[in-house]
Amino acid sequence: MSTLVTVLLAVLPLLAGWVVHVRWLNRCLSTARRDPLTGLVTRDGFTRRANALLKDPRAVVVLADVDKFKQINDVHGHAAGDVLLKATADRLAHHVGRSGIAGRLGGDEFAAVLIDAHGTAADMLTLLHGVLARPVDGHDPAVHTTVSLGWVRAADFPADDLSGLLRRADEAMYAAKQARSGTRRAGLGRLFATIAGRRSGRTGARTDGPAVGVAV
């Protein structure tokens, strides 16, 4: 038996073990970036994929917030609330498709980046708003609510990074929620006042920053 064959026979088990270990680590990382309730990526996983998608000028950033979610939990229980969150996540991910990314940022707040290949984002998000308001199949039809959507075309604000676009989508979402209009696009008309680009009480808000925009 040649020396080369002897070395290969000795090394192959080590290589096989290393491959198995790397695959295990990748599975662990993938699991850590997934929300256990909804199966969507969490903030870190979302940020990673979203930043890559924003290189496409057709990218659209969406922020979604479940309306009256606390009331659902209080009246129907947290299990019902979990069912609603799971259904919202599934429907959002389906409409975003494989070319985009949907994530759960926390609580009842979701975000997505999609590629608007045909310039139909407004129509698609109006349709999505209706789908998100449907009762969950196989569950109490009383357990349903609407979801307010704010969105922004990345090309409209080329100087903004993901954080800035999410702030704009957040402002538009809040305006849609207050007006009960379902969806609102950032950059169209004046939005509600924010503090340093984030509404008071939202993550990232600062009390020492200037107010941006006024209520309509």
Side-chain angles (χ1 to χ4, degrees), residues 26 29-35 38-66 85 88-129 131-132 147-177 181-192 194-199 202-206 209-210 212-213:
N26 285 334
L29 286 172
S30 178
T31 300
R33 291 173 181 156
R34 292 278 172 181
D35 173 52
T38 65
L40 296 182
V41 292
T42 55
R43 186 180 293 270
D44 287 344
F46 172 78
T47 300
R48 189 182 300 268
R49 175 64 174 150
N51 279 323
L53 289 172
L54 287 178
K55 296 176 183 178
D56 191 319
R58 302 169 299 173
V60 170
V61 177
V62 182
L63 200 73
D65 192 84
V66 180
L85 290 177
T88 299
D90 291 345
R91 293 164 177 174
L92 179 62
H94 175 76
H95 275 71
V96 168
R98 294 185 177 182
S99 63
I101 184 68
R104 184 185 181 193
L105 301 187
D108 59 334
E109 185 177 69
F110 300 85
V113 176
L114 57 92
I115 303 301
D116 184 20
H118 305 292
T120 58
D123 292 337
M124 192 196 79
L125 292 173
T126 297
L127 175 63
L128 174 61
H129 177 260
V131 170
L132 294 176
V147 176
S148 296
L149 302 171
W151 63 282
V152 56
R153 289 190 185 278
D156 289 346
F157 302 95
D160 282 10
D161 59 7
L162 176 61
S163 179
L165 293 170
L166 283 172
R167 284 195 294 268
R168 293 185 187 276
D170 181 57
E171 293 164 2
M173 183 276 295
Y174 185 64
K177 189 181 290 287
S181 60
T183 67
R184 179 70 68 92
R185 176 180 174 181
L188 299 181
R190 294 177 297 171
L191 299 180
F192 288 82
T194 64
I195 299 175
R198 291 288 273 175
R199 287 183 287 111
R202 305 288 279 192
T203 302
R206 287 172 26 211
V212 179

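Every value quoted in this text rests on a predicted model; they were computed, and no experiment measured them.
- Between atom CG of residue Leu125 and atom OG1 of residue Thr183 there is a gap of 6.5 Å, rounded to the nearest 0.5 Å.
- Put simply, the side chain of Leu40 does not reach to within 4.5 Å of the side chain of Phe46, judged on heavy atoms.
- Arg34 has its side chain within reach of Val41: a pair of non-hydrogen atoms, C-beta onward, lies under 4.5 Å apart.
- Arg91 contributes a side-chain N or O that, together with a main-chain N or O of Val131, makes up a donor-acceptor pair within less than 3.5 Å.
- Between the side chains of Thr38 and Asp35, at least one donor N or O lies within less than 3.5 Å of an accepting N or O.
- Using a 4.5 Å heavy-atom cutoff, the side chains of Asp65 and Val147 are not in contact.
- Atoms CG and CD, from Leu166 and Glu171 in turn, are 11.0 Å apart once rounded to the nearest 0.5 Å.
- Counting all heavy atoms, side chain and backbone alike, Pro57 lies closest to Ala155 at O-CB, 3.5 Å.
- Pairing each heavy atom of Ala102 with each of Ala93, the nearest pair is CB-CA, 4.2 Å.
- Rounding to the nearest 0.5 Å gives a distance of 10.5 Å between CG of Leu54 and CZ of Arg49.
- Side chains of Asp160 and Arg168 form a contact here, defined as non-hydrogen atoms less than 4.5 Å apart.
- Counting heavy atoms from C-beta outward, Asp170 and Glu109 have side chains that approach closer than 4.5 Å.
- Between Arg153 and Arg185, the closest side-chain pair of non-hydrogen atoms falls below 4.5 Å.
- In this structure, the side chains of Val152 and Phe157 come closer than 4.5 Å at one or more pairs of heavy atoms.
- Using modelled atom types, one side-chain atom of Arg104 and one backbone atom of Gly107 make a donor-acceptor pair closer than 3.5 Å.
- For the side-chain contact (heavy atoms from CB on, under 4.5 Å) criterion with Leu114, the lone passing option out of Leu92, Val60, Leu128, Ile101 is Val60.
- In this structure, Val96 and Ser99 approach most closely via the heavy-atom pair O-OG, 4.1 Å.
- In this structure, CD1 in Ile115 is found 5.0 Å from CG in Leu53, a value given to the nearest 0.5 Å.
- Interatomic distance, CG of Asp161 versus OG1 of Thr47, reported as 10.5 Å (0.5 Å rounding).
- The closest side-chain donor-acceptor pair between Arg167 and Ser163 falls under 3.5 angstrom.
- Each of Leu132, Thr88, Leu63, Leu105 was scored for a side-chain contact (heavy atoms from CB on, under 4.5 Å) with Phe110, with one residue passing: Thr88.
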